[in-house]
Amino acid sequence: MMSQRNSDVSALVAAELTCAAENVPFTPGQARACTVREVLDRVGGKWSIGILVAASHGPVRFTELERHIEGISRRMLTLTLRNLERDGLLHRTVYPTVPPKVEYTATPMALELYESLVALTSWAERHRRAIAEARTRYDAQHAG
């Protein structure tokens with residue numbers, strides 16, 4: 001399930017503050033562990049799916065992701081990559097070159113998720129036209 005909240009930078013920052021591992025001490029107001037909803041919001045987020053699918057095919061660079069994921073801003077790509085790395089779904093490798101070369105690869109945990117993401121995106125592709133038609137019918141019936 002995707003929500004518009006996933007594209008809100010403040011929501012991403014807030015999620016970082018409330019999602020801590022169970023064995024790590026937490027401060028008042030901080031959750032003991034990620035809830036299932038938080039995990040699903042992250043991996044099913046507007047930008048996360050495309051990034052994880054791309055990284056599952058092998059190492060991918062920031063600029064490749066920026067070109068591949070239509071509509072994502074540099075800031076949102078940076079935040080999403082950082083959050084996916086923090087959650088253990090991506091591994092970031094920095095090569096000591098000028099300019100620095102940075103690659104992202106899917107971790108074993110993300111690779112386990114890959115087939116589910118492909119199934120989800122395939123389902124969305126197969127049904128996008130029917131969903132658009134249903135929305136048009138609904139909007140026409142409920143126009144006020």
Side-chain angles (χ1 to χ4, degrees), residues 1-27 29-140 142:
M1 178 186 317
M2 291 186 223
S3 70
Q4 288 181 325
R5 190 175 63 79
N6 290 331
S7 62
D8 182 0
V9 175
S10 61
L12 291 172
V13 172
E16 284 187 271
L17 299 175
T18 61
C19 187
E22 285 188 57
N23 60 350
V24 176
F26 65 100
T27 60
Q30 184 179 34
R32 285 187 189 269
C34 293
T35 65
V36 171
R37 183 187 54 78
E38 287 173 318
V39 172
L40 291 175
D41 279 351
R42 181 65 53 85
V43 299
K46 183 175 183 178
W47 308 114
S48 298
I49 292 173
I51 292 169
L52 291 170
V53 168
S56 293
H57 295 293
V60 64
R61 296 182 66 180
F62 184 93
T63 53
E64 292 174 274
L65 289 168
E66 193 174 31
R67 283 191 305 266
H68 176 74
I69 301 169
E70 188 178 326
I72 193 167
S73 68
R74 293 186 130 234
R75 172 85 172 130
M76 188 52 65
L77 179 56
T78 299
L79 284 172
T80 306
L81 288 168
R82 192 173 296 150
N83 284 326
L84 291 170
E85 181 184 8
R86 181 174 183 260
D87 289 348
L89 295 165
L90 289 180
H91 177 74
R92 180 176 184 258
T93 304
V94 180
Y95 297 94
T97 60
V98 178
K101 177 182 173 182
V102 179
E103 289 182 336
Y104 297 89
T105 53
T107 64
M109 186 168 45
L111 291 173
E112 183 181 338
L113 180 61
Y114 175 76
E115 286 185 34
S116 298
L117 294 177
V118 169
L120 180 62
T121 56
S122 295
W123 176 89
E125 183 62 33
R126 282 192 314 274
H127 296 287
R128 69 186 173 89
R129 198 166 278 128
I131 291 170
E133 291 167 1
R135 287 177 178 175
T136 301
R137 282 191 308 274
Y138 179 92
D139 292 346
H142 294 87

Quiz item: Where do Pro100 and Val94 come nearest, in terms of heavy atoms and distance?
Solution: CB-CG1, 4.4 Å
Self-check item: Non-hydrogen side-chain atoms of Arg42 and Glu38 separated by less than 4.5 Å
Solution: no
Practice problem: Could you check Ile72, Leu77, Leu81 and say which one makes a side chain to side chain contact (heavy atoms under 4.5 Å, CB included) with Trp47? | Solution: Ile72
Exercise. Could you walk me through whether Arg128 and Glu125 pass salt bridge (Lys or Arg N to Asp or Glu O under 4.0 Å), step by step?
Key: CA-CA 5 Å; Arg128 69 186 173 89; Glu125 183 62 33; 2.8 Å; yes
Quiz item: Above 12 or not: heavy atoms from other molecules or residues under 6.0 Å from CZ of Arg126?
Solution: yes
Quiz item: Where the side chain of Ser48 meets the backbone of Gly44, is there a donor-acceptor pair that is under 3.5 Å apart?
Solution: no
Quiz item: Rounded to the nearest 0.5 Å, how far does CZ of Arg61 lie from NZ of Lys101?
Solution: 5.5 Å
Quiz item: Would you call the rings of Trp123 and His127 parallel, tilted or perpendicular, where under 30° means parallel and over 60° means perpendicular?
Solution: tilted
Quiz item: Looking at Leu65 and Ala54, what are the two nearest heavy atoms and their distance?
Solution: CD2-CB, 3.7 Å
Quiz item: For Tyr95, what residues pass the ring-ring contact (aromatic ring centres under 6.0 Å, His included) criterion, not counting sequence neighbours?
Solution: none
Quiz prompt | Residue among Val60, Leu84, Leu89 satisfying side chain to side chain contact (heavy atoms under 4.5 Å, CB included) with Ile51 | solution = Leu84
Quiz item: Counting only N and O atoms by type, is there a donor-acceptor contact under 3.5 Å from the side chain of Thr107 to the main-chain atoms of Gly88?
Solution: yes
Practice problem: Supply the atom-to-atom distance Asn83 CG to Met76 CE, rounded to the nearest 0.5 angstrom. | Solution: 9.5 Å
Quiz item: Side chains of Thr35 and Leu40: closer than 4.5 Å at any heavy-atom pair?
Solution: no
Self-check item: Stepwise side chain to side chain contact (heavy atoms under 4.5 Å, CB included) check, Val118 with Glu115
Solution: CA-CA 5 Å; Val118 169; Glu115 286 185 34; 5.7 Å; no
Self-check item: All pairs passing ring pair (Phe, Tyr, Trp, His ring centres under 6.0 Å) where residues 51-81 contributes a residue, at least two apart
Solution: His57-Tyr114
Self-check item: From Thr105 atom OG1 to Leu111 atom CG, the distance as rounded to the nearest 0.5 Å
Solution: 8.5 Å
Quiz item: Given the rule in the salt bridge (Lys or Arg N to Asp or Glu O under 4.0 Å) test, do Asp41 and Arg37 qualify, once you have shown the distances and angles that lead to the verdict?
Solution: CA-CA 6 Å; Asp41 279 351; Arg37 183 187 54 78; 3.1 Å; yes
Exercise. Kindly check if the number of other-residue, nucleotide or ligand heavy atoms within 6.0 Å of CD (Glu85) is above 12?
Key: yes
Quiz prompt | Nearest heavy-atom neighbours spanning Leu52 and Ala110 | solution = CD2-CB, 4.1 Å
